[in-house]
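Lettering of chains follows the sequences in order, A, B, ..., and the numbering in each one begins at 1. In what follows, every heavy atom counts, from backbone to side chain, and hydrogens, waters and symmetry copies are set aside.
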Number of protein chains: 2
Amino acid sequence: MGRTAVSAEDIKLKLVEAEEPDENDYRLQEQVGFILRKAHQRHVSIFAAHIADLTPPQFAALAKLHDVGETSQNQLGSLIAMDAATVKGVIDRLKARGLVELSKHEVDKRRLLVNLTAEGRKAVERLIPIAREITEETLAPLSSKEAAIFMRLLAKLA
Amino acid sequence: MGRTAVSAEDIKLKLVEAEEPDENDYRLQEQVGFILRKAHQRHVSIFAAHIADLTPPQFAALAKLHDVGETSQNQLGSLIAMDAATVKGVIDRLKARGLVELSKHEVDKRRLLVNLTAEGRKAVERLIPIAREITEETLAPLSSKEAAIFMRLLAKLA
DNA sequence: TTGATATCATTTGCATACGAATGAATTTGA
DNA sequence: TCAAATTCATTCGTATGCAAATGATATCAA
């Protein structure tokens, strides 16, 4: 191409660059959704390395029950950000393992009450210190200051 | 309880507080894993509101193929952070919809090559601007400065 | 060269995650 | 009060996500 030759294609490229810096170059690896997915994957993997016999959602259910005591299944779901269909599966599996027990609400017959069993309570209390370590290890790539900033911003986003 | 009475229980509580400020009070809602899960859920929901007929992993596969061209299935998986079993399902569904096509590697007969079809290419190119909006909306709760800091720290974490 | 390893892909099994449909029970409002 | 709307829970279908086992092929090393 000659030094002074300017094709229609060149002009189009210039115009595109001027208005929309990276129209032609979408970087998946830099999109927040993609990195969020990877960060979540990493956390789940760290969790599994420390607590092999429970998943993060299962632990969340137990920890929340430990915190608030008896609740209905749906209420528990909303406390731990799970829809009705998802929380049902989680509670079913915890029940099968004897960590929670279910009963009917006396007044409102629609509701299914969930409670920790003695074993469930023992399990949560044993696991909470380990869960703290999991949080620490997940945040380990950041300094304390960075971690504090990150947590503040992440909370705004979630 | 008398004003000066100090029970063994009181002493135990004091000691616990001194060494471990919140030993008895694990706040699920403040744990990075829990908030990461919620932030991810929110992103997926924003994605679905903008792009109803593809999931984020499916779009990731298409966008990456658009970026790098023909690749083996496993290689594609590692580029978009999916294990072999997961990427297989994603590619199968994209293939069933005519967005990608598969062929055998001539030399290495183990490999399954993946390519965008013409339709797949058209779809990605149409969706990339929408994907940019999704990123924007996901980050909308943050100011530009906050978003920049957040992305830097999130990348360190993932 | 060949036996041990490693890689690529598939399959199975299990666990979230969520939309949509359904049914039972409760609450609301005209 | 009673019909409409809402809430609680279940079920079904679809889609990740990953561990583990398997089989085919390729590579490495003795």
J.: As a test of reading the structure: which of C:dA24, D:dG17, C:dT16 is closest to the side chain of A:Gln41, going by heavy atoms?
T.: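 The closest nucleotide is D:dG17.
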J.: In whole Å, I'd like the distance from the CG atom of B:Leu102 to the C1' atom of C:dC8.
T.: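 It works out to 14 Å between those atoms.
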J.: Starting from C1' on D:dG17, measure out to CZ on B:Arg37 and report it in whole angstrom.
T.: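 My rounded result for the distance is 15 Å.
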J.: Compare side-chain N and O positions of A:Gln58 against OP1 and OP2 of C:dT16 and report whether any pair is under 4.0 Å apart.
T.: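 True: A:Gln58 side-chain N/O within range (under 4.0 Å) of C:dT16 OP1/OP2.
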J.: Would you kindly give the NZ-to-P distance between A:Lys104 and D:dA9, to the nearest whole Å?
T.: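 A:Lys104 atom NZ is separated from D:dA9 atom P by 13 Å.
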J.: What is the separation between atom CD1 on A:Ile91 and atom P on D:dT10, rounded to the nearest whole Å?
T.: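 It works out to 10 Å between those atoms.
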J.: If you round to the nearest 0.5 Å, how far is OG1 of B:Thr71 from NE2 of B:His105?
T.: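 Going from NE2 on B:His105 over to OG1 on B:Thr71, the span is 12.5 Å.
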J.: State which of D:dT25, D:dT6, C:dT10 makes the closest approach to the side chain of B:Leu112.
T.: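 Per side-chain heavy atoms of B:Leu112, the pick is C:dT10.
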J.: Where is the tightest heavy-atom contact between B:Phe47 and B:Leu54, given as atom of each residue plus distance?
T.: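 Shortest heavy-atom separation between B:Phe47 and B:Leu54 comes out as CE2-O, 3.2 Å.
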J.: Among C:dA17, D:dT16, D:dT7, which nucleotide sits nearest the side chain of A:Pro57?
T.: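 The closest nucleotide is C:dA17.
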J.: Rounded to the nearest Å, what distance is computed from the CG atom of residue B:Leu99 to the P atom of nucleotide D:dA15?
T.: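 About 13 Å, once rounded to whole Å.
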J.: Taking 4.0 Å as the cut-off, does a side-chain nitrogen or oxygen of A:Arg93 come that near to OP1 or OP2 on C:dT16?
T.: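 Answer is yes, contact under 4.0 Å.
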J.: Less than 4.0 angstrom between a side-chain N/O of A:Thr55 and OP1 or OP2 of C:dA15, yes or no?
T.: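 No, outside the criterion.
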J.: Base, sugar-phosphate, or nothing for A:Val107, non-hydrogen atoms under 4.0 angstrom?
T.: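 A:Val107: backbone/sugar contact only, no base atoms under 4.0 Å.
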J.: Is it the case that the base of C:dT26 and the side chain of A:Arg110 share a donor-acceptor contact (distance under 3.5 Å, atom types as modelled)?
T.: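 Side chain to base: no pair present.
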J.: Whole angstroms only, please: what is the CD1-P distance between A:Ile46 and D:dC18?
T.: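 The answer, rounded to whole Å, is 13 Å.
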J.: Please work out which of the three classes, parallel, tilted or perpendicular, describes the rings of A:Phe59 and B:Tyr26, given edges at 30° and 60°.
T.: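 Judged by the thresholds at 30° and 60°, the geometry between B:Tyr26 and A:Phe59 is perpendicular.
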J.: Ignoring the backbone of A:Asn74, work out which of C:dT12, D:dA26, D:dC8 is nearest its side chain.
T.: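 Nearest nucleotide to the side chain: D:dC8.
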J.: So, does A:Gln73 get its side chain near the phosphate of D:dT10, meaning an N or O under 4.0 Å from OP1 or OP2?
T.: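 A:Gln73 to D:dT10 OP1/OP2: side-chain N or O found under 4.0 Å.
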J.: Evaluate side-chain contact (heavy atoms from CB on, under 4.5 Å) for B:Ile51 paired with B:Ile130, printing each intermediate quantity in order.
T.: CA-CA 8 Å; B:Ile51 300 179; B:Ile130 305 180; 3.8 Å; yes
J.: Has B:Ser72 got a side-chain N or O lying under 4.0 Å from the OP1 or OP2 atom of C:dA9?
T.: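 For B:Ser72, the contact criterion (side-chain N or O under 4.0 Å from OP1 or OP2 of C:dA9) is met.
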J.: What's the CZ-P distance between B:Arg97 and D:dT14, to the nearest Å?
T.: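 Distance check: B:Arg97 CZ to D:dT14 P gives 14 Å.
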J.: Would the number of heavy atoms belonging to other residues, nucleotides or ligands and lying under 6.0 Å from NZ of B:Lys156 be above 12?
T.: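 Atom NZ in B:Lys156 is packed in, count exceeds 12.
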J.: Any base atoms under 4.0 Å from B:Val90, or only sugar-phosphate, or nothing? Heavy atoms, all strands.
T.: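 It contacts sugar-phosphate atoms only.
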J.: Side chain of A:Lys88: nearest nucleotide among D:dT10, C:dA15, C:dA17?
T.: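 Of all the options, the side chain of A:Lys88 is nearest to D:dT10.
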J.: Taking NZ, NE, NH1 and NH2 as the nitrogens, is one of them in B:Arg132 or B:Glu136 under 4.0 Å from a carboxylate oxygen of the other?
T.: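 No, B:Arg132 and B:Glu136 are not salt-bridged.
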J.: Relative to the 5' end of DNA chain C, which residue comes earlier, B:Ala85 or A:Asp83, by the nucleotide with the nearest heavy atom?
T.: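 The 5'-side residue here is B:Ala85.
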J.: Nearest whole angstrom, please: distance from the P of C:dT16 to the CG of A:Asp92.
T.: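 Value for this atom pair: 11 Å.
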J.: Using a 4.0 Å heavy-atom cut-off across all strands, classify B:Asp108 as base, sugar-phosphate, or nothing.
T.: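 Sugar-phosphate contact only - B:Asp108 comes under 4.0 Å of backbone atoms but never of a base.
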J.: Please compare A:Arg111 and B:Leu113 by the position of their nearest nucleotide in DNA chain C and report the one closer to 5'.
T.: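 Its nucleotide being nearer the 5' end, the pick is B:Leu113.
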